[in-house]
**Student:** 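Take a look at this one; I'll ask things after.
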Number of protein chains: 2
Amino acid sequence: MPRPRFAALDERKRVAILDAAAEEFAHRSFEAASTNRIIARAGVSKGALYYYFDDKADLFATVIESAIGRAERAIGGMASFVDAAGFWAALLDLYRRITTFFAGEPNLAGLLKSAFDDAGVGEIVGLHTARLLAAFRDLLGRGVAVGAVRDDLPLELLARVAFAVGDATDRWLLERWDSLEPGEFEAYPERALLLHMRVLAPIELAEKWERQETAS
Amino acid sequence: MPRPRFAALDERKRVAILDAAAEEFAHRSFEAASTNRIIARAGVSKGALYYYFDDKADLFATVIESAIGRAERAIGGMASFVDAAGFWAALLDLYRRITTFFAGEPNLAGLLKSAFDDAGVGEIVGLHTARLLAAFRDLLGRGVAVGAVRDDLPLELLARVAFAVGDATDRWLLERWDSLEPGEFEAYPERALLLHMRVLAPIELAEKWERQETAS
DNA sequence: GGTGGTTCGACCAGATGGTCTAAATCTATC
DNA sequence: GATAGATTTAGACCATCTGGTCGAACCACC
């Protein structure tokens, strides 16, 4: 938690600090990230930084929490559903919002990757990453209840595999960002969802869904 | 490339250096990894380290190349096949060898993760990671030729997604290493393969294969 | 003893995360 | 506007660390 006084800081300065830190933490591991580079980029002094944060870990946790909070507010939740078809339609809608949001947040993917994958930061942001994973896991549990999600593997494993697949496809998209074909970005959520269905859905449902998609 | 004299170094010292470096590079990003910690762990002097390697990047590249080479030699290649069933049976056999090898190499997963995911090391080890990816991609291409692998997505994307799925399931296995149920480790390659088939195979084939697995 | 190879560790310039004193700025009151 | 007190900011400083250099000591061999 930052010092309470951080919330009262002038907004422009607050954003400058958080953005500069997000940039640094998105491109380096926590350990390699440098507070000196952050203050230089943010245009504040060392003393000022430590006036608002206990230490580097406090700053990192604040950046992650802020980014996740912003994403959740912008993306919103998943619409309600009563059957498997409704589940996947609602998830596609969610993926569309996620993709749009991520497209406007160049550092978010790198930040989340750091938070999830850097073995050294579990103590700092583990609560946040666990919360995200738990939310997705619960969502999959609701999918199981309506027959939309397979029930032969642990939900925790499915959630992690889905996150990993999403990460791989996101990076594939980003690497070709400048050479995307017309309509490719708009089609991406649906393409990603099909891959997720492959992994997450009962296989018969995935097959049927794909057959319908191919026919239309 | 290390200095040619490194190959003539006493084997115990050579292994000590490579193992110490592998340990450090497996647990930290390249930038955060410290040559001082490596020499302390290896029991050699700073001057000696730089007598054999140009710099930290040279050491890193050597460690990665050595690890990959060792893995390739121990795991071997994939058996030949003439049809889809043969492809997947041969891949399962390969996964078994991979799993066994990785179980005996605690640092290898972390090392490969560093090599693939650390955006800063592309110039250092990009040739090696590209080669691994290309090998898998070619293998998938041969799978396409016998109808074992789907042909509706780019092979590069499929290879990356498969790597990501493998990484997620590997980590899932490792985190529960001390509480694995009897037979769980032995069954892991087949479980992993089923997930890969979901992503890589034509959906009808994946469904048929799973039905057979469930029946037996 | 001479030569070449190997190893050591002091040294270097620069960087790190965090501390702390003093100056600058802000706010409230008169 | 002046003043006092509170808050914020700057940047020098600190101990420690970094990757890499280099002169000298050590070792093996002839």
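Keep in mind that the numbers below use all heavy atoms, side chains included, and drop hydrogens, waters and symmetry copies.
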**Student:** Report the distance from atom CG of L49(B) to atom P of dC22(D), rounded to the nearest whole Å.
**Tutor:** 16 Å
**Student:** Along nucleotides 7-19 of chain C, 5' to 3', which nucleotides get a B, which get an S, and which get a -, given that the test is a protein heavy-atom distance under 4.0 Å?
**Tutor:** BBB------BBBB
**Student:** Pull out every residue in residues 17-29 of chain B that has a heavy atom closer than 4.0 Å to any atom of DNA chain C, ordered by number, or say none.
**Tutor:** none
**Student:** Is R97(A) salt-bridged to D93(A), cutoff N-O under 4.0 Å?
**Tutor:** yes
**Student:** Rounded to the Å, how far apart are F53(B) CZ and dT21(D) P?
**Tutor:** 15 Å
**Student:** Under 4.0 Å between a Lys/Arg side-chain N and an Asp/Glu carboxylate O for K56(B) and E31(B)?
**Tutor:** no
**Student:** Between D118(B) and K113(B), is there a side-chain N and carboxylate O pair less than 4.0 Å apart?
**Tutor:** no
**Student:** Along nucleotides 24-30 of chain D, 5' to 3', which nucleotides get a B, which get an S, and which get a -, given that the test is a protein heavy-atom distance under 4.0 Å?
**Tutor:** -------
**Student:** Could you tell me whether E190(A) and R96(A) have a side-chain N and a carboxylate O separated by less than 4.0 Å?
**Tutor:** yes
**Student:** Between Y188(B) and T169(B), do the side chains contain a donor N or O and an acceptor N or O under 3.5 Å apart?
**Tutor:**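 The answer is yes; a qualifying pair exists.
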**Student:** Got a donor-acceptor contact below 3.5 angstrom from the W88(B) side chain to the M197(B) backbone?
**Tutor:**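 Judged by distance alone, no pair lies under 3.5 Å.
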**Student:** Is it the case that over 12 heavy atoms from other parts of the model lie below 6.0 angstrom from the CG atom of L127(A)?
**Tutor:**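 Atom CG in L127(A) is not packed in, count stays at 12 or less.
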**Student:** For A26(B), does its backbone N or O pair with a side-chain atom of S114(B) as donor and acceptor, under 3.5 Å?
**Tutor:** no
**Student:** Would you mind checking if R176(A) and E181(A) are paired as a salt bridge, meaning a charged N to carboxylate O distance below 4.0 Å?
**Tutor:** no
**Student:** Is it the case that R3(A) places NZ or CZ above or below the six-membered ring of F53(A), under 6.0 angstrom from the centre and within 45 degrees of the axis?
**Tutor:** no
**Student:** Taking everything shown except R191(A) itself, do over 12 heavy atoms lie less than 6.0 Å from its CZ?
**Tutor:**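 Atom CZ in R191(A) is not packed in, count stays at 12 or less.
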**Student:** Phosphate oxygens OP1/OP2 of dT8(D): is one of them under 4.0 Å from a side-chain N or O of R5(A)?
**Tutor:**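 Yes, R5(A) has a side-chain N/O under 4.0 Å of OP1/OP2 on dT8(D).
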**Student:** Specify the separation, in whole Å, of atom CZ of F6(B) and atom C1' of dT6(C).
**Tutor:**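 So the CZ-C1' distance, F6(B) to dT6(C), works out to 14 Å.
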**Student:** Whole angstrom is fine here: how far is it from CD1 in I38(B) over to P in dC17(D)?
**Tutor:** 16 Å
